[in-house]
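Note that these values count all heavy atoms, side chains included, but never hydrogens, waters or copies made by symmetry. To find a chain, count down the sequence lines: A is the first, B the second, and so on, and within it residues start at 1. What you see is a predicted model; the values in this text were computed from it and never measured.
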2 protein chains.
Amino acid sequence: MTMPKRDTYTPESLLAVAVEVFNERGYDGTSMEHLSRAAGISKSSIYHHVKGKEELLRLAISRALDGLFGILQEPEARDGRAVERLEHVTRRTTEVLMTELPYVTLLLRVRGNTDTERWAMARRRDFDHEVAELVKQAVADGDLRPDVDARLATRLLFGMINSIVEWYRPSRGGAATADEVADAVVRTAFAGLRI
Amino acid sequence: MTMPKRDTYTPESLLAVAVEVFNERGYDGTSMEHLSRAAGISKSSIYHHVKGKEELLRLAISRALDGLFGILQEPEARDGRAVERLEHVTRRTTEVLMTELPYVTLLLRVRGNTDTERWAMARRRDFDHEVAELVKQAVADGDLRPDVDARLATRLLFGMINSIVEWYRPSRGGAATADEVADAVVRTAFAGLRI
DNA sequence: TCTTGTCCCGACCGATCGTTCGGTTACTCT
DNA sequence: AGAGTAACCGAACGATCGGTCGGGACAAGA
């Protein structure tokens, strides 16, 4: 365990800066020049910490995926009635999305132009499929309405959750807290908007 | 009214090709070389039909926005109880999103890197605000649950609707039709997933 | 004080970016 | 047949892309 002798960048702290810029301008719309200006070091110095632009993307995406798949390992997501497990996954996914906001945002926006991006998309699909199984089971248990296709319902549910990255900004003191948003998501998704 | 003498590109038919590529690779990830290959004509020939890459984006976004704002002009969106108008806008937005899928997809993905993109984002916000007013009114009427903030509810609703562009593909014969999807969206959003 | 290794820099690389230009082909009209 | 023009092309433009390179500044251990 070595403490940094002067305050300098680590791959992690550089990643935090890079991810912010990626999310503002889009990954393809961000040049290494943009990153260097945002980080306050020269373009070539970035290569001292990371191998290149795509590694920054890979690191960010890995962090997001680790957070999401971690949810599926939690006891509340593995034991009990399917509909309860689904509610837990819904709430926790919303929470992870907000605590790891910039990383998950990046994950949700990859288009599949490189191997790294295609791998990210495949892992995301894996996660979605696991939740879709949960929905299917809950329908079979008679806990979810059977008149909406399970696959479609899963997609709409994730659509609602994932859209949080489009507007949630943790800084806003007056805005909703993570808990309040998670409550609203679970309530809206399961009970609906109407009275 | 002049008919094309040989089958050649018009700005509109070229736009259709370009938008497909934009959606596959992302706007910034698409080069004019990519477009020329997809269109089957040379890179320089594209400039005979349109002024440049950004004009293609502007044309596509305009088409999407026209479709969306057209909904707000429909009689069912202007007269009657707020909650009924909201349901109509929800259904019609879902439908327009699916019929104009590639154009709306592009609209939903702009990041604000150019004037054109910032204009698109501003217009989108205008649309969202008009719907948010509808939600607010429906809550005041006592037709929507008051325990979820109107602004938040609007965002979740649009999140659900807009996420359709991530998976809906009109070609699939076996998949859900536009009507079925619109039904499911309205039902899920207003009545919830649970029985 | 001298070496070692971390951290960073300016200069530069070949490739690719969006765009322009001069010219050729192919069709329509007279 | 000849003129006019819409559609297209290859070659090249300056700018910028992601990435490399040799070396300088600085701190820690000897």
Taking only nitrogen or oxygen atoms into account, show me every contact under 3.5 Å that the protein makes with nucleotides 10-15 of chain C, one pair per line with its distance.
from: C/dG10; atom 1: O6; to: A/S44; atom 2: OG; distance (Å): 2.4

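Residues in residues 82-96 of chain B take part in these side-chain hydrogen bond (donor to acceptor under 3.5 Å, both in side chains) pairs, two or more places apart or across chains: A/R194-B/E87, B/E74-B/H88, B/E74-B/R92, B/R91-B/D183, B/R92-B/E95. Sequence neighbours left out, the pairs with a member in residues 118-156 of chain A that pass ring pair (Phe, Tyr, Trp, His ring centres under 6.0 Å) are A/F69-A/F127, A/F127-A/F158.
Checked against salt bridge (charged side-chain N to carboxylate O under 4.0 Å, His left out), A/R25 has no partners two or more places apart in sequence or in another chain. Taking the salt bridge (charged side-chain N to carboxylate O under 4.0 Å, His left out) definition, one finds that A/E166 meets it with A/R109, sequence neighbours left out. In this view, A/R37 and A/E33, A/H34 satisfy the side chain to side chain contact (heavy atoms under 4.5 Å, CB included) rule, not counting sequence neighbours. Among residues two or more places apart in sequence or in another chain, the salt bridge (charged side-chain N to carboxylate O under 4.0 Å, His left out) test is passed with A/R81 by A/D143.
Each end of the helix from C/dT1-D/dA30 to C/dT30-D/dA1 gets its own rotation axis from five pairs of C1' atoms, and the angle between them is 0° to the nearest 10 degrees.
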Identify each donor-acceptor pair in which a side-chain atom of residues 44-60 of chain A lies under 3.5 Å from a protein atom, sequence neighbours left out, and give them as a table.
from: A/S44; atom 1: OG; to: A/S42; atom 2: OG; distance (Å): 3.2
from: A/S45; atom 1: OG; to: A/S42; atom 2: OG; distance (Å): 3.0
from: A/H49; atom 1: ND1; to: A/Y9; atom 2: O; distance (Å): 3.4
from: A/K53; atom 1: NZ; to: A/Y27; atom 2: O; distance (Å): 3.1
from: A/K53; atom 1: NZ; to: A/T30; atom 2: O; distance (Å): 2.7
from: A/E54; atom 1: OE2; to: A/T114; atom 2: OG1; distance (Å): 3.1
from: A/E54; atom 1: OE2; to: A/T116; atom 2: OG1; distance (Å): 2.7
from: A/E55; atom 1: OE1; to: A/R58; atom 2: NH2; distance (Å): 3.3
from: A/E55; atom 1: OE2; to: A/K51; atom 2: N; distance (Å): 3.2

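The stretch residues 18-29 of chain B has no heavy atom under 4.0 Å from DNA chain C, so no residue of it qualifies as close. A heavy atom lying under 4.0 Å from DNA chain C marks the following residues of residues 48-62 of chain A, by number: A/H48, A/H49. Taken residue by residue, residues 109-116 of chain B places no heavy atom nearer than 4.0 Å to DNA chain D.
Listed for the A/E180 side chain is a donor-acceptor partner under 3.5 Å among the backbone atoms of A/T177.
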